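Below is one structure; the comments refer to it alone.
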Amino acid sequence: MTVLLGVPSKGRLMEKTFDWFAERGVSLKRTGEAREYAGAVEGVAGVKLVLLSASEIPRELAAGRIHLGVTGSDLVREELADWAATVVELAPMGFGHADLIVAVPKAWVDVETLDDLDAVASAFRARHGFRLRIATKYHRLVRDYLRAHGVADYQLVDSQGATEGTVKNLTAEAIADITSTGETLRANHLKILRDPPVHCSQATLFAAHGAEWGAGADAMRAFCAQLGVTLPDALLQNA
Ligand SMILES: Nc1ncnc2c1ncn2[C@@H]1O[C@H](COP(=O)(O)OP(=O)(O)OP(=O)(O)O)[C@@H](O)[C@H]1O
Ligand SMILES: O=P(O)(O)OC[C@H]1O[C@H](OP(=O)(O)OP(=O)(O)O)[C@H](O)[C@@H]1O
């Protein structure tokens, strides 16, 4: 059986993933025509490359359709209800850093922390008759975070992109999104709350608990040894 390795199919995440494996003697390549999602692995036996959208990799791991996957740690936590029981973090990869944060309009001079946001949210509801809206695509992570910090009087509104624009467009009062340079927040007159971020994300190599390893177990052991990655004992116990 072949070990299936899921990797982001485009952009910076794909290129940096290819670099990370190359530094460890494994060559990952896109093959075929420019827009064809086909790939090849050289330098290790019994491993096949599967090119996927970064946001689909958590689901493919959970379904056991791939054995290994590279994606942002934020996406795994957001997409999988019980992520730690479903996948194992084999290696943080040191790129794709982004913080999932909550931000409010810069003009809200009295709001610097989640406690301030909670106070404003209660007042907002009393004044407007509806709950303060926070735009995000990270529903699970943001809901859990706000619950843990005692913020209750809000509603999440879905935003799958250009989230920082929702405040200006009057479809939300605040946002929760990832940021790396902070430029998009600044350009949209938003400021990050002072509390610790919802999550500090980076690209991570994950393995699926529920995948069938079969004869692929030996290839997996050799692959992890080559990558310098520690293989948790529990992972291959059913192989
Ligand atoms: N500005 C950024 N800086 C650093 N990392 C980022 C940035 N934006 C996104 N990321 C990270 O990249 C990952 C998402 O990558 P990407 O947008 O390519 O995935 P995707 O949603 O699957 O894309 P698509 O659906 O268009 O294929 C997330 O883990 C996220 O944290
Ligand atoms: O802090 P910065 O360096 O400005 O980066 C942050 C931006 O990057 C991401 O957007 P992406 O480019 O993935 O597009 P999206 O808005 O469609 O998600 C994120 O959603 C922010 O909008």
Side-chain angles (χ1 to χ4, degrees), residues 5-21 28 30 34-39 49-63 65-66 68-80 83-84 86-106 133-142 144-145 156-169 171-194 196-207:
L5 167 65
V7 158
S9 55
K10 61 178 174 62
R12 264 203 336 209
L13 271 189
M14 181 187 81
E15 283 158 22
K16 293 200 164 177
T17 300
F18 285 11
D19 292 346
W20 189 91
F21 280 92
L28 307 183
R30 272 186 73 155
R35 286 172 188 268
E36 189 180 342
Y37 291 118
L49 184 60
V50 185
L51 293 163
L52 292 164
S53 152
S55 55
E56 279 171 21
I57 287 176
R59 253 177 296 156
E60 294 304 294
L61 284 164
R65 283 191 288 268
I66 53 176
L68 294 169
V70 173
T71 191
S73 55
D74 55 341
L75 297 178
V76 159
R77 284 159 178 75
E78 176 61 25
E79 298 292 332
L80 305 181
W83 72 270
T86 311
V87 296
V88 188
E89 272 180 334
L90 291 183
M93 300 171 83
F95 58 86
H97 290 281
D99 290 348
L100 176 58
I101 53 83
V102 178
V104 299
K106 234 183 247 166
R133 298 163 296 178
I134 303 177
T136 191
K137 62 179 159 198
Y138 292 89
H139 293 237
R140 186 197 308 279
L141 283 173
V142 173
D144 290 352
Y145 174 83
L156 293 186
V157 291
D158 187 48
S159 168
Q160 291 295 325
T163 304
E164 295 85 348
T166 56
V167 173
K168 189 170 185 209
N169 295 334
T171 53
E173 284 67 51
I175 67 136
D177 198 9
I178 51 166
T179 179
S180 52
T181 64
E183 275 172 34
T184 313
L185 290 169
R186 277 192 293 279
N188 288 285
H189 314 291
L190 298 169
K191 64 178 177 185
I192 302 175
L193 296 184
R194 280 210 307 260
V198 181
H199 177 65
C200 297
S201 182
Q202 68 171 300
T204 301
L205 176 64
F206 292 93

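Throughout, residue positions are numbered sequentially from 1 according to the sequence presented. Everything quoted here is computed from the prediction, not taken from an experiment. Whatever order the structure lists them in is the order used to number ligands and atoms, beginning at 1.
With a heavy-atom cut-off of 4.0 Å, S53 touches ligand 1 through backbone and side chain alike. Using a 4.0 Å cut-off between heavy atoms, H97 contacts ligand 1 through its backbone alone, with no side-chain atom that close. In L13, the part holding a heavy atom less than 4.0 Å from any atom of ligand 1 is the side chain. The backbone and the side chain of A54 each have at least one atom closer than 4.0 Å to an atom of ligand 1 (non-hydrogen atoms only). The backbone and the side chain of S180 each have at least one atom closer than 4.0 Å to an atom of ligand 2 (non-hydrogen atoms only).
Contact annotation: K10 has at least one heavy atom less than 4.0 Å from an atom of ligand 1.
Between the side chain of S201 and the backbone N or O of A98, no donor-acceptor pair lies under 3.5 Å. Side-chain atoms of T204 come within 3.5 Å of backbone atoms of Q202 as a donor-acceptor pair (strictly under, hydrogens ignored). Of the possible donor and acceptor atoms, one in the side chain of R30 sits under 3.5 Å from a partner among the backbone N and O of S9. Side chain of E60 to backbone of R65: no donor-acceptor contact under 3.5 angstrom is found.
Within the 4.0 angstrom cut-off, atom 22 (O) of ligand 2 has one or more protein heavy-atom neighbours. Not a single protein heavy atom sits closer than 4.0 Å to atom 13 (O) of ligand 2.
When the heavy-atom distances from atom 2 (P) of ligand 2 to N188, T136, T181 are ranked, the shortest goes to T181. By heavy-atom distance, the residue among Q160, R186, K137, E164 lying nearest atom 18 (O) of ligand 2 is K137.
Scanning all protein heavy atoms for the shortest distance to atom 29 (O) of ligand 1 gives D74 OD1, 2.7 Å. Among protein heavy atoms, atom 3 (N) of ligand 1 sits closest to S180 OG, 2.9 Å. Atom 17 (O) of ligand 2 has G161 CA, 3.7 Å as its closest protein atom, hydrogens excluded (heavy atom only). When only non-hydrogen protein atoms are considered, atom 20 (P) of ligand 1 lies nearest to S55 OG, 3.8 Å. Atom 14 (C) of ligand 1 has L75 CD1, 3.9 Å as its closest protein atom, hydrogens excluded (heavy atom only). The nearest heavy-atom contact from the protein to atom 9 (C) of ligand 1 is I178 CD1, 3.0 Å.
The shortest side-chain heavy-atom distance between V87 and L61 falls under the 4.5 Å cut-off. Using a 4.5 Å heavy-atom cutoff, the side chains of L185 and I101 are in contact.
Between E173 and R133 there is a salt bridge, with a side-chain nitrogen of the basic residue lying less than 4.0 Å from a carboxylate oxygen of the acidic one.
For ligand 1, none of its N or O atoms has an N or O atom of Y138 under 3.5 Å away. Considering backbone and side-chain N/O atoms, D177 comes within less than 3.5 Å of an N/O atom of ligand 2. Checked by distance only, ligand 2 and A162 come closer than 3.5 Å through their nitrogen or oxygen atoms. Considering backbone and side-chain atoms together, E56 places no N or O closer than 3.5 Å to any N or O of ligand 1.
More than 12 heavy atoms of other residues, nucleotides or ligands shown are found within 6.0 angstrom of CZ on R140. Other residues, nucleotides and ligands place more than 12 heavy atoms under 6.0 Å from the NZ atom of K106. More than 12 heavy atoms of other residues, nucleotides or ligands lie within 6.0 Å of NE2 in H139, so this atom counts as buried by the packing criterion.
Residue contact check: I178 has heavy atoms under 4.0 Å from atoms 6 (C), 19 (C), 21 (C) of ligand 2. Counting atoms of ligand 1 from 1 in the listed order, those under 4.0 Å from a heavy atom of G72 are 29 (O). Within ligand 2, counting atoms from 1 as listed, the ones closer than 4.0 Å to a heavy atom of T184 are 2 (P), 4 (O), 5 (O), 6 (C), 7 (C), 22 (O).
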(message) Checking L5 against F21 for the side chain to side chain contact (heavy atoms under 4.5 Å, CB included) test, could you report, in this order, the C-alpha distance in whole Å, the side-chain angles of both residues, the deciding distance, and whether it holds?
(response) CA-CA 12 Å; L5 167 65; F21 280 92; 4.0 Å; yes

(request) Would you check, one step at a time, whether the test side chain to side chain contact (heavy atoms under 4.5 Å, CB included) holds for V7 with W20? (result) CA-CA 12 Å; V7 158; W20 189 91; over 6 Å; no

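From R186, atom CZ reaches atom CD1 of I192 across 8.5 Å, with rounding to the nearest 0.5 Å.
The one candidate from V50, L68, V76, T71 that meets the side-chain contact (heavy atoms from CB on, under 4.5 Å) condition with I57 is T71.
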